[in-house]
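The structure appears right after this line, and notes come after that.
Proteins come first, then strands; the chains are lettered A, B, ... in the order of their sequence lines, and each starts at number 1. Computed over heavy atoms, backbone and side chain alike; hydrogens, waters and symmetry mates excluded.
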Amino acid sequence: MPADPSGFLTAVLHNGVGRFVCQLQRITLKFCKEYGSSRGVREFIEKDLLDFARQNPGVVVYVEPKRHQRPKLEAEYLNGRTEVMNASEYSREQVIKFVEQLRCRSGVEIVRIRKDMRTNNISIQGPWHPFLNQPTEWNLKKFPDAPGLRALKMGKSATDIVLEMAREQGVLNIVQWEGKDPAARDDASGKGAVERTTDQVVRPVTAPSIKQ
Amino acid sequence: MLSKIPSLIRSRSINCGVTCSAGILQRPQASILRPVDQPQMNDAKSFGTSMRYPTQAGGFSRWDVKTRRAFFNLRREVGPEPLRHRDIWPNWNYEAELYAFGQRLGENTTGPAFRLAFIHESYARQEIERRKQLQIEDAHQMVFADQGALRDAGADIVQHYISAICRFNLPYLPEEGIETLTKYLLKTDVLANVSRHIGTSDLIQCAELPPYETTLADTLLAVIGALAEESGTTRAQHFVLDFLVTSLLDVDIDELWGLKNPMSVVADILQREGRAEPETRLLRRAGDATPEAIFLIGVYSDKKLIGQSFGETLLIAEEMAARETLRNFFRTTPSRKPMVFGKQARAVNVPVWSNTPNLRLADWTEVDCKGLLDSRLTQEPLLEQQQPPKKAQISSR
């Protein structure tokens, strides 16, 4: 076994999908009739064991007196594993608690759980690929400047602010690229984006023409 | 897990090494060199009589280290513990175990058939041999009953029921696929796994130890046969549903079936349905010159997309697309309805689904499949979900 055993949550034989089966198949209580360390186990046997056996007919209970030894709880599970627990100095309440714990376990070794959830099946949507759920209208668009795909403008750009300042100061020789105005280019067909690189004419624009 | 050895060490017996070699240690995998037991409780009382409380100076006494080393070397010389049957230990009562076996599974297993179900043929043979050696007079004429008849009866029930429940869950899957699933569930290792996990391995009476996979599988079938004999076929079928059919949850149908040349199967089906031949079209591609190239291919018939999938080369993508098309035809996509268990599965009218097979692959058409499904559903009783809701009841089990 590795130094740090780890694993995933598992159910033995899909337990509970069909019907639930208690995985504890037999439990053996080993105790001494004389020693004080077995007192709690002795009390459990006297007062609680019959009820436990009656409530769990699927669990075979054995009681084994072992002279002058520490008491033990030996639990055997359906997956073939055995859990042995030292019950020395346990009070009756502690024995009740740990017998219950052994009964409720699946018998799988307790290890560090690597993830809280796990599935053996692939996703029901199928595996991911880069084209998954891609809108079909993108087929006809030219990237990266296709209309409708540009980032939303949240407010005035730095260019806009500078132009405004220039106009306020009465600057007349403002030079602007032809067709660079986003509002002019955003027509429905998206042709503006394609023609962008074809004719870039530099012409001087006067302040009144911008106000149109 | 604590083994017996630490307690022996605690007893400080001089002869404990010899006792160990005689086989007190139950489990061969138990490590002899194990760390000091941590105190079980935070309660100060638990330190009271314990000889093994941790000390500041390392926590091990000198005698302790020596004893452990002696045990370790001894175990290495002697080798692993021989495997012995569970019944050699004093805490073993076959009657109680047999009773608990049934109670655990929610069945009544006190009848004579169950006793027989656990007697394997090899055990019967071994017993006759043993009596011959003891020179019992009529040993040659002795006939020991074994699980054979029950196993055959169980195998029939399983075969019959599994194919019905598979057809119910996958009505559009061709019969070849259903046969594959049925064969998978009747495989020895699948049966043996189920058998082992319901607790038969200690109860089986057979010559070998541990029981062979085939013995475990036979015993599971025999238990199902015995259940049918004692409690009726329906109960045996429900047992199969709850313990065996659940193994199908792990299965990928495509992988199990391994259908060859899927595109020609698609073409055959389309031809039979009077539709146009399948056409493949490259829908998208990316990263052609990279190790992670991806091609998305769609299969069209009459200009209608009937399946699409991707792959790292064009050929792979085409085959994947054909398989996806077949999955769409046979309703076995990952997003299909999950398998039915519990009340709904118990309400299935088994003869309706077991008597008529699904369509074979060579005859498969969608229309015929729908017709067959409709004719079967008319014979089905109303499912639970279609009935008016009842007040929830807590199952007694």
Tell me, side chain or backbone of [X] under 4.5 Å from chain A's heavy atoms, or both, or neither?
X      : answer
B:R285 : backbone
B:N93  : both
B:F239 : both
B:L249 : both
B:I198 : both
B:R196 : backbone

| request: Apply ring pair (Phe, Tyr, Trp, His ring centres under 6.0 Å) to B:Y99 and list each qualifying residue two or more places apart in sequence or on a separate chain. | output: none
| task | Tell me, out of B:T333, B:L241, B:D252, B:D202, who's got the most heavy-atom pairs with chain A below 4.5 Å. | result |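 Ranked by heavy-atom pairs under 4.5 Å with chain A, first place is B:D202.
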| query | Among B:V194, B:V245, B:N193, which residue forms the greatest number of heavy-atom pairs with chain A at distances under 4.5 Å? | reply | B:V194
Is it true that atom [atom1] of [X] has more than 12 heavy atoms of other residues, nucleotides or ligands lying nearer than 6.0 Å?
X      : atom1 : result
A:R105 : CZ    : yes
A:E34  : CD    : yes
B:D288 : CG    : yes
A:R67  : CZ    : no

| said: If we define contacts as heavy-atom pairs under 4.5 Å, which of A:V61, A:V59, A:L78 has the most with chain B? | reply: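 The answer is A:L78.
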| query | Can you tell which of A:E64, A:Q134, A:Q23, A:H129 has the highest number of heavy-atom pairs within less than 4.5 Å of chain B? | reply | A:H129
| field | Residue part contacting chain B, namely of A:Q25, when any heavy atom lies under 4.5 Å | value | both
| said: Is A:V21 close to chain B through its backbone or its side chain, or both, or neither, when contacts mean heavy atoms under 4.5 Å? | reply: both
| Considering all heavy atoms, the nearest A:P130-B:I294 contact | CD-CD1, 3.3 Å
| said: Show the nearest heavy-atom pair for residues B:A100 and A:V60, with the distance to one decimal. | reply: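 Result for this residue pair: CB-CG2, 3.4 Å.
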Can you tell me how far [atom2] of [Y] sits from [atom1] of [X], rounded to the nearest 0.5 angstrom?
X      : Y      : atom1 : atom2 : answer
B:F243 : A:N15  : CZ    : CG    : 8.0 Å
A:L24  : B:R104 : CG    : CZ    : 8.5 Å
B:E97  : A:Y62  : CD    : OH    : 3.5 Å
B:W89  : A:E74  : CH2   : CD    : 9.5 Å

| With sequence neighbours left out, what residues match B:D189 under salt bridge (charged side-chain N to carboxylate O under 4.0 Å, His left out)? |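 B:D189: no salt bridge (charged side-chain N to carboxylate O under 4.0 Å, His left out) contacts found.
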| Can you check whether B:L283 reaches A:F131 side chain to side chain, under 4.5 Å on heavy atoms? |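 Side-chain contact under 4.5 Å: no.
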| Test item: side-chain donor near acceptor, A:H14 and B:D250, under 3.5 Å |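 B:D250 and A:H14 do have a side-chain donor-acceptor pair below 3.5 Å.
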